[in-house]
Amino acid sequence: MRCKPLFPTIAFTTMLLAGIAPVAQAAPVDDAELRALKAEMASMRREMQQQIVSLKSQLAKTDAAQKQATHGYRASRQISSGPVEHGVQFDDAALHKSFGPSGVGTPPSDRGDTMSWKDFKAASAKDEEVRVGGMIIGFPKGRFTVSSEDGAYGFSVGLAFHEDFGGFMGMSSAPGQSRGDFSGLTENARRIRIPFTFRYKDWVANVTPDLGGSTDGYQTYQNLYEANLNYTGLHNTVLTIGYFQPRVTEEDSESSNDFEMMERPNITNVVRNIAAGDARFSLGGLHYEKRWWIAAYFTGQQYGARGGNSATSYTTNNPLGGTFRVAGRPFVSKDIDLHVGLSAISSFRPGTNSATGNRSYTANGNPEVALTSTSLLGVGATMNNVDSVWAAGPELGLRWKKLVLKAEYYNIGVSRSLGASDYAKGMGNVNMDGYYVAANYTLMGKGRAYNEKEGAFGAPGVEHEFDPQHGYWGALEISGRYSVSDFHDTAINGNAAGAMNGNQQTVWSGGLNWYPNRHFRFMLDFNHFMATGNGNTNYGTMAVINEYGRSGNSLAARVQAAF
């Protein structure tokens, strides 16, 4: 059936050549005309033979590509020597392929997609593409991509757009406490990332600006998410140098387009920001197999940190640190995935606070919703004379059919160089910790699956994109989480100069996520949070916000676009 256009062409050519020859021989023409006619016939024959070879080659390529395509997709092929669609002119070897509905699957990543050359060609073969001249235009993994025919050169552009809106209610307060930034209705451009990926074979460069931020576009150091160079020529390995988000903790290894809740648990945010986080200068790599994953990075300064912070008027110079994460899947079956892992991070040379000349460290967190600039959780004041900061803890995850359970625990240690009198005041080393447990169930669609390249669980899959006329509604999931961050160990010695004012925050969260297709998501989260008092009224920005403890609720929604 695919050769129907080919056989009539061959038959017609044969008849044409067979018919012309007798006429040419019978015609009373001189030798010169006869030779010219024969030469013209030979030229036509060679031309037709070349076209036949070209058509056969294109059919063979199409068959090979379709054998790699996802099972169950409907494939159609069309060979054309003229305009095919939308007025675009194709050459004689042009090929248009369409592989099923593109809105089916999981969301694209929120970062540059650093694939090996082999994986890039395989992804291109599975997705819709159009060949124009020697270029291929398509959407491998749902992201717009232009590449050369062999995939050696490639350019991709994506989008991670997260717009949040909602507010706070039932906020408790005591006499003398400030209300804080807890609006009844507000909005936040949480992420507006535009990943640009440039490829030459196994060399990949990613540049991803971020026009969003922690609170409506305002960030202390960054309008860049990443800018890095990667080499992917080694088996299942990605080596990276540049501004990057080193993967540490299970939650931090997931793309934000895949999060179960709108925000990470506080403890994983505090841990990753010790020496990792977004736009951190990094040198290192990761390697993965079907059953295990490992990564390590040497890290430096975050992009823009040396330029200072307009809110606090200081710069943080020349920090050095490192991250390490290992994860495995000791048991895997059709219905079960068991994940165990360990993450560790250290800032072995904290940055210098230019306001004090000391190496310093502080930690805080919002009520796990980014609609406020007020932190109820924190250590109260910056710790000075800090020698090092480290954190480590285990990861645990379990998938049973469409149910996913996750938990992580981390201990944070701060080592300080102080005089004997300072230690006598209780201003020595500090320990903090925190944990979370989470559950997620997919009500409609394909359940969350394990992502081998991230060593973490990904988003649910859309099996049929939103089409209510045919009874298709996309994917729907429900999530719940319990999160605790305990910084009480820093609440030491009352009014001693330089003492900390640590506290504890507990957050109960529930959420509902709907994916009409792989590119769009709508999230709804409810949080109930409780923070204890800070134990000190004289130091720290929390003194008038959280002197006697606070509790409250938030209801927030997010619209997400991912390409």
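The chain is numbered in sequence order, starting from 1.
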Got Val204 and Asp113 here, is their nearest side-chain heavy-atom distance under 4.5 Å? no
Under the criterion side-chain contact (heavy atoms from CB on, under 4.5 Å), I'd like the reasoning laid out for Leu286 against Tyr297: C-alpha separation, chi angles, the key distance, then a yes or no. CA-CA 9 Å; Leu286 64 86; Tyr297 298 93; 3.7 Å; yes
Whether the Thr145 and Ser156 side chains hold a donor-acceptor pair (N or O, under 3.5 Å, no angle test) is what I'd like checked. yes
If you take the centroid of each ring, where Trp contributes its six-membered ring, are Phe144 and Phe155 closer together than 6.0 Å? no
Only residue of Arg247, Lys453, Arg325 satisfying side chain to side chain donor-acceptor pair (under 3.5 Å) with Ser253 is Arg325
Please step through side-chain contact (heavy atoms from CB on, under 4.5 Å) for the pair Thr186 and Phe165, ending with a clear verdict. CA-CA 6 Å; Thr186 188; Phe165 55 94; over 6 Å; no
For Pro367 versus Gln505, what's the shortest heavy-atom pair and its separation? CA-NE2, 3.7 Å
Does the separation of the ring centres of His287 and Trp293 fall below 6.0 angstrom? no
Residues forming a salt bridge (charged side-chain N to carboxylate O under 4.0 Å, His left out) with Glu368, sequence neighbours excluded: Arg481
Is it true that Trp514 and Phe522 have ring centroids separated by less than 6.0 Å? yes
Under the rule for salt bridge (charged side-chain N to carboxylate O under 4.0 Å, His left out), what residues qualify as partners of Glu289, not counting sequence neighbours? none
Set of residues satisfying side chain to side chain donor-acceptor pair (under 3.5 Å) with respect to Glu254, sequence neighbours excluded: Lys406
